[in-house]
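First the structure, in the form of structure tokens, and then the observations on it.
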Protein chains: 4
Amino acid sequence: MQTRARQREHEILRAAIRVFARQGYHKSKVGEVAAEAGVAYGLVYHYFGSKESLLETIFRRTWKQMLRFVQEIEESDTTSQEQLRAVAGLVLQAWRLDPELVGVLVREVTRSPQLQNEVDEIAHAFAALERIVARGQERGELRPDLDARLASWAFYGALEEILTGWVFGRLPDDEEATARAEQMVVSLLLDGLNA
Amino acid sequence: MQTRARQREHEILRAAIRVFARQGYHKSKVGEVAAEAGVAYGLVYHYFGSKESLLETIFRRTWKQMLRFVQEIEESDTTSQEQLRAVAGLVLQAWRLDPELVGVLVREVTRSPQLQNEVDEIAHAFAALERIVARGQERGELRPDLDARLASWAFYGALEEILTGWVFGRLPDDEEATARAEQMVVSLLLDGLNA
Amino acid sequence: MQTRARQREHEILRAAIRVFARQGYHKSKVGEVAAEAGVAYGLVYHYFGSKESLLETIFRRTWKQMLRFVQEIEESDTTSQEQLRAVAGLVLQAWRLDPELVGVLVREVTRSPQLQNEVDEIAHAFAALERIVARGQERGELRPDLDARLASWAFYGALEEILTGWVFGRLPDDEEATARAEQMVVSLLLDGLNA
Amino acid sequence: MQTRARQREHEILRAAIRVFARQGYHKSKVGEVAAEAGVAYGLVYHYFGSKESLLETIFRRTWKQMLRFVQEIEESDTTSQEQLRAVAGLVLQAWRLDPELVGVLVREVTRSPQLQNEVDEIAHAFAALERIVARGQERGELRPDLDARLASWAFYGALEEILTGWVFGRLPDDEEATARAEQMVVSLLLDGLNA
DNA sequence: AATGAATGAGTTTTCATTCAT
DNA sequence: TATGAATGAAAACTCATTCAT
């Protein structure tokens with residue numbers, strides 16, 4: 001059935017995420033992904049045409065989802081502050097929901113520009129974030145003197161660096177710490193460091 | 001002479017930076033580095049034991065320099081705000097000073113954690129930035145309620161993301177834009193997005 | 001099928017023996033082995049993990065076989081003299097049965113000690129030969145005043161040197177000559193050179 | 001001075017023997033020989049044209065010496081038995097006199113045929129040994145029914161195998177054991193194994 | 001004589017991908 | 001769908017040798 005097939009495909013993809021998270025994309029062999037999924041060598045190629053396609057699929061699906069969520073947030077009927085808080089929560093909570101996936105995304109970020117032709121969901125998500133900022137400025141909720149694009153990039157960069165710290169074990173990531181981090185980062189970005 | 005040797009080594013390292021910036025570390029072949037430097041294949045191995053060692057050296061030297069600068073800033077007799085502004089300037093101006101080097105650093109960030117055992121200058125630089133923040137809090141110049149480490153990571157992340165945007169041509173990077181970006185990011189991080 | 005696989009493996013091993021016999025292990029390239037076997041480059045690595053493993057397998061299998069034969073001889077119900085004669089026949093007749101294999105073994109003997117951890121069949125075969133001598137001494141068939149281990153080493157050394165002479169074309173190896181050599185060496189070792 | 005030069009050359013050669021004995025010819029690098037001799041890279045090439053030439057020189061000089069000794073023995077005014085005993089002593093005592101040199105010779109025997117064009121002292125030494133046997137047969141001191149060449153090869157083979165056992169630590173080689181081995185091997189080869 | 005930087009051909013090994021079954 | 005044997009391009013690295021100083 002298609003269901004069976006979908007499940008197989010999903011197993012392989014999850015296996016790829018685990019393997020990539022463990023060793024990084026480049027050091028991972030297709031055979032290891034197959035072994036992790038408990039399937040034969042060639043089956044990976046049956047479902048995914050190539051090794052790179054595995055990574056691309058991981059990026060595409062994740063960012064598609066991300067885009068969807070950011071758009072929902074964008075369309076939600078709240079203040080810009082709340083929206084930004086929601087975006088931060090979305091990004092940072094991903095670490096606890098699916099650390100392996102986040103690990104792959106963080107480790108392979110630099111590959112995304114190469115995949116970006118294909119994965120333009122990434123650009124769209126960034127654009128949505130930018131619109132949130134811009135709208136906030138129009139509404140008078142956010143400072144109008146900052147470039148919205150730049151601000152949204154800085155905003156996302158701050159979040160991603162926190163994820164990076166967690167992924168590489170250089171920032172504490174227990175439940176309390178992550179919850180606090182979320183509050184703090186948002187507070188920092190909204191209110192600034194100044195006393 | 002040693003001078004000759006140092007020069008040779010430097011030529012090869014610069015060639016590596018150019019090649020890595022152009023094609024990325026993984027797609028770059030050692031032979032291409034040699035050709036770019038105008039030297040024979042084996043000479044790369046004479047000075048650097050391996051391809052990876054080239055990258056490691058690039059990271060190590062850059063971060064060593066970075067660390068030195070951040071420490072200078074840390075010890076400078078100014079407000080924390082000025083110090084943070086200086087750090088931001090240091091990071092962001094690197095793009096105009098040496099775009100190829102920044103390109104390599106940005107593209108291969110995710111390799112640095114793997115190199116981090118060796119390149120602990122990175123950790124030291126982060127620690128120095130953290131101390132700047134902590135000192136600012138003690139002095140009452142910066143908000144005391146934010147975790148200094150987290151804040152410094154977020155701060156650096158915001159800067160790095162801007163660099164990333166420039167490296168991948170997704171943010172405008174003409175002289176005016178970069179100068180303005182510098183002002184804005186600092187303003188954003190110090191004063192926040194809130195209106 | 002496994003049969004197919006075994007056959008492939010065997011073809012590659014025989015090809016390796018031919019190539020190694022022709023040019024020596026060190027001058028032989030893995031690609032030449034593949035070409036000789038009529039298979040692709042990587043298939044050699046599919047069946048054998050490395051070039052050295054090819055040689056090790058050759059040694060191991062040959063000496064396993066050798067050990068088996070020597071043990072049969074040891075357990076045979078004849079005089080020690082007959083047993084030693086049989087061992088000599090076994091060793092020397094190998095040259096006519098499989099000159100290429102003998103060529104490899106003789107040329108690469110000095111590698112065997114390095115492989116000896118793995119190929120302890122060699123040590124076992126030597127031990128069996130030593131037991132034959134020791135038993136002969138106990139039975140009063142052989143001189144009791146010689147150290148059995150030393151005698152068995154000298155015995156084997158004499159045989160191997162004859163093989164070496166044949167391999168390098170420095171001793172005549174036509175059928176008659178080899179047959180006579182067998183008689184003579186045994187006679188020399190049993191009765192001595194003295195008139 | 002020439003004396004100085006000779007000394008240098010000798011130092012390098014001895015260094016090569018040590019290094020080759022330690023790791024085998026193939027795994028030894030010219031640089032290691034230079035380092036062991038305490039001289040610069042290129043000086044090895046100044047005195048010896050190539051890596052192989054080092055080995056060749058080792059073989060050539062040793063066998064030249066060996067040839068000289070065997071010829072002396074051949075011309076000595078004693079029985080064939082005494083002459084063979086002397087040859088055995090010559091070969092086996094080499095182990096205690098210069099174990100590193102013997103190690104190289106034993107490990108690289110199989111290279112000698114390739115060097116044999118150059119090093120025909122080896123063939124000459126074998127020929128001298130053969131003449132000793134043949135003369136003994138003419139004199140009625142040794143059995144006339146054995147082929148002299150074959151017998152001399154077997155004789156030498158027995159000796160070399162003992163050396164091999166010592167080199168690879170598989171036969172006891174303390175002073176007493178080596179002295180006894182010498183007696184035994186000669187006794188074995190002259191009188192045979194038979195009771 | 002002595003140095004060691006410079007050369008670059010040569011080789012093993014890896015591994016993504018294909019394809020017959 | 002599923003398997004895993006077969007393919008072979010690709011690349012890092014080694015190291016004997018040369019040569020300018």
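Throughout, protein chains are lettered first and strands after them, A, B, ... in sequence-line order, and every chain is numbered starting at 1. Treat the numbers as computed from the prediction; the structure is a model and nothing was measured.
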Dump the pairs, protein N or O against N or O of nucleotides 12-16 of chain F, anything under 3.5 Å, distances to one decimal.
unit_1, atom_1, unit_2, atom_2, d
dA12(F), OP1, K51(B), NZ, 3.3
dA12(F), OP2, V30(B), N, 3.4
dA12(F), N7, Y41(B), OH, 3.4
dC13(F), OP2, Y45(B), OH, 3.1
dC13(F), OP2, K51(B), N, 3.1
dC13(F), N4, Y41(B), OH, 3.3
dA16(F), OP1, K51(D), NZ, 3.3
dA16(F), OP2, V30(D), N, 3.0

field: Backbone of K29(B) reached by a side-chain donor or acceptor of E32(B) within 3.5 Å
entry: yes
message: Rounding to an integer number of Å, can you tell me how far L43(A) CG sits from dA5(F) P?
response: 16 Å
task: Counting Watson-Crick and G-U wobble pairs only, both distances under 3.5 Å, name the nucleotide matched with dA9(F), or none.
output: dT14(E)
- line: The nucleotide from dT3(F), dT7(E), dT7(F) with an atom nearest the side chain of V39(A) is dT3(F)
task: Take the protein atom NE2 of H46(C) and the nucleotide atom P of dG8(F), then report the distance between them rounded to whole Å.
output: 15 Å
message: One thing to verify: whether R18(B) and E36(B) come together as a salt bridge, which I'm taking to mean a side-chain N less than 4.0 angstrom from a carboxylate O.
response: yes
field: Mate of dT3(F) where both pairing distances stay under 3.5 Å, Watson-Crick or G-U
entry: dA20(E)
- prompt: Q7(C) has an atom CD; how far is it from atom P of dA6(F), in whole Å?
  reply: 11 Å
- prompt: How long is the gap from CG on L101(B) to CD1 on I58(B), to the nearest 0.5 Å?
  reply: 7.5 Å
query: Which of residues 8-18 of chain A sit near DNA chain E, with a heavy atom under 4.0 Å from it?
result: none
- request: Assess whether side-chain contact (heavy atoms from CB on, under 4.5 Å) is satisfied between L13(C) and F48(C), documenting all intermediate values.
  value: CA-CA 9 Å; L13(C) 207 60; F48(C) 303 88; 3.6 Å; yes
- prompt: How close or far is atom C1' of dT17(F) from atom CG of L54(D), stated in whole angstroms?
  reply: 13 Å
- prompt: Contact class for F48(B) (heavy atom, under 4.0 Å): base, sugar-phosphate, or nothing?
  reply: nothing
task: Would you check if the side chain of K51(B) reaches a backbone N or O of Y25(B) as a donor-acceptor pair within less than 3.5 Å?
output: yes
- prompt: Are D98(A) and R14(A) within salt-bridge range, i.e. N to O under 4.0 Å?
  reply: yes
query: Charged N to carboxylate O under 4.0 angstrom, R61(B) versus E9(B)?
result: yes
message: Please enumerate all residues that pass side-chain hydrogen bond (donor to acceptor under 3.5 Å, both in side chains) together with H26(B), with sequence neighbours excluded.
response: H26(A)
statement: Separation of dA2(E) atom C1' from R4(D) atom CZ, nearest Å, is 11 Å
- prompt: Rounded to whole angstrom units, what separation is found between the CD atom of E32(C) and the C1' atom of dG10(E)?
  reply: 12 Å
- prompt: Where do F59(D) and E121(D) land on the side-chain contact (heavy atoms from CB on, under 4.5 Å) test, with the steps shown first?
  reply: CA-CA 9 Å; F59(D) 267 88; E121(D) 279 86 358; over 6 Å; no
